[in-house]
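Here the structure comes first, spelled out in structure tokens, and everything after it is commentary.
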Number of protein chains: 2
Amino acid sequence: MAKTRAEKMEETRIKLIAAGRKAFAEKGFASASMDELTAGAGLTRGALYHNFGDKRGLMAAVVDQIDTEMATEAQKVGQSAGGGWQGLMAEGAAYIKLALRPEVQRIVLLDGPAVLGDPSQWPSQNRCLQATITTLGELAEQDAIKPVDIEAIARLLNGAALNSALWVAASDDPHATFDKAVTAFECLASGVLKTPAPN
Amino acid sequence: MAKTRAEKMEETRIKLIAAGRKAFAEKGFASASMDELTAGAGLTRGALYHNFGDKRGLMAAVVDQIDTEMATEAQKVGQSAGGGWQGLMAEGAAYIKLALRPEVQRIVLLDGPAVLGDPSQWPSQNRCLQATITTLGELAEQDAIKPVDIEAIARLLNGAALNSALWVAASDDPHATFDKAVTAFECLASGVLKTPAPN
DNA sequence: CACTTGACATACGCTGCGTATGTCAATACA
DNA sequence: TGTATTGACATACGCAGCGTATGTCAAGTG
């Protein structure tokens, strides 16, 4: 069967995003050549500028894809941990673990802010936050946490988790450092609990 | 009196760093032209590449200057708050307040990581952390905090504080959001206390 | 007072982005 | 079904900006 035009266009978008994701991860945004990148996908810069406007546009699409994946994954982990406090802790650990991937570090944590600006304004980041905010909301209804601004707590927790991943990844013994980071995360998070942490 | 060569060179370094700081803050690293920048300082790119090696080298010098200033300032605030727990809280609020300056946001929080890599590896950031670690160390000696890894806590607190500044700055009502951020910061920080937070 | 060093300027090449223009296949329409 | 039209993508061009190779002249040296 002949492919429709819309289908083919969707294919090229997918190919370009995949190529961009690879190039940005391996060389960083600044050093990734659009000529090389598109050629690798069997296309030219023409396709890129037609579909995404400019280099930044492709970056935005790539970032959106990556941290949509992260949000989905972390949310899933949180829910299968049973939601509530356990879910929140599992989500935090999941974020740190996901952010250990070099691809995430380079694209989302290092280059993303420089290219796209403040991460708290990204649509995808708001999707990530939503999971945390929802979980915190449940806890608030159960009167389990202090009466503080939930959004603020969620943002600080997310920021702390993502940042600590860079530290973990750069450490000599990532495994041991990961454990320290998760423990510290849980320790800080316990500050919002009304009852002392169950350690 | 005639100026010695070393003195003149020091002057050009200072001029270039000042010009870089201004240009990077106003246009961002990528869009800052080294030709313009150096011309504004009454010099040429020759001086720049002689003194700093490349564009990144100047960026490193600028970042180092800025967050050395931040470390000094925050430490001062923490000490005049009397050290200990009050000092730690004051330090945190000070970091958030310092990071509200557009110059800091653009250079240190957005472009810095992309250009220089993981902030936790910057020499200057380690200076910033040192203050927090010292304060936490005092508290540990007084047996006031839980037996967790101090470095990990310090890194998470610093990361949370700096990140929240971006959120505050981008909000509709920065003043109100600042209060929320500081309250949330103190709430999370209280998680390391053995005795429940004095709220 | 010749000589050397080195701080900085000048000149060049190359890479790479964005855009203007061209082309050809897929749809619309008669 | 043949013609017109759109639009997805390729090709070609101009320009900015980085890094480097080379030049110059004043400050230090013996």
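Keep in mind it's a predicted model, so treat the numbers as computed, not measured. To find a chain, count down the sequence lines: A is the first, B the second, and so on, and within it residues start at 1.
- Between the side chain of B:Lys22 and the backbone N or O of B:Leu37 there is no donor-acceptor pair closer than 3.5 Å.
- OP1 or OP2 of D:dC9 has not a single side-chain nitrogen or oxygen of A:His50 nearer than 4.0 Å.
- Taking B:Phe29 as the reference, B:Phe24 meet the ring-ring contact (aromatic ring centres under 6.0 Å, His included) condition, with sequence neighbours excluded.
- Dashed line: the shortest gap from a side-chain N or O of B:Thr12 to OP1 or OP2 of C:dA7 is not under 4.0 Å.
- Residue pairs that meet the side chain to side chain donor-acceptor pair (under 3.5 Å) test with at least one member in residues 70-83 of chain B, sequence neighbours left out, do not exist here.
- Residue pairs meeting the salt bridge (Lys or Arg N to Asp or Glu O under 4.0 Å) criterion with at least one partner in residues 115-127 of chain B, sequence neighbours excluded, are B:Asp64-B:Arg127.
- Pairs of residues two or more places apart, or lying in two chains, that qualify as side chain to side chain donor-acceptor pair (under 3.5 Å) and include a residue from residues 37-61 of chain A are A:Asp35-A:Arg45.
- In this structure, B:Leu48 atom CG and C:dT10 atom P are separated by 15 Å, rounded to whole Å.
- Here ring pair (Phe, Tyr, Trp, His ring centres under 6.0 Å) pairs that include residues 123-179 of chain A, with residues two or more places apart or in two chains, number zero.
- Each salt bridge (Lys or Arg N to Asp or Glu O under 4.0 Å) pair with one or both residues in residues 153-173 of chain B, not counting sequence neighbours, appears once here: B:Glu151-B:Arg155.
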Could I get a table of every N or O pair under 3.5 Å where one atom is in the protein and the other is in nucleotides 13-17 of chain C?
from   : atom 1 : to      : atom 2 : distance (Å)
C:dC17 : OP1    : A:Ala32 : O      : 3.2
C:dC17 : OP1    : A:Met34 : N      : 3.4
C:dC17 : OP1    : A:Lys55 : NZ     : 3.3
C:dC17 : OP2    : A:Met34 : N      : 3.3

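- With sequence neighbours left out, the side-chain contact (heavy atoms from CB on, under 4.5 Å) criterion links A:Thr132 to A:Leu88, A:Glu91, A:Tyr95, A:Leu136, A:Ala154, A:Asn158.
- The interatomic distance linking A:Glu10 (CD) with D:dC9 (C1') rounds to 16 Å, in whole Å.
- If you measure from atom NZ of A:Lys8 to atom P of C:dA25, you get 10 Å, rounded to the nearest angstrom.
- Protein atom NZ of B:Lys27 is 11 Å distant from nucleotide atom P of D:dC18, rounded to whole Å.
- The distance between atom CG of A:Asn51 and atom C1' of D:dA8, rounded to the nearest whole Å, is 8 Å.
- A heavy atom lying under 4.0 Å from DNA chain C marks none of the residues of residues 58-66 of chain A.
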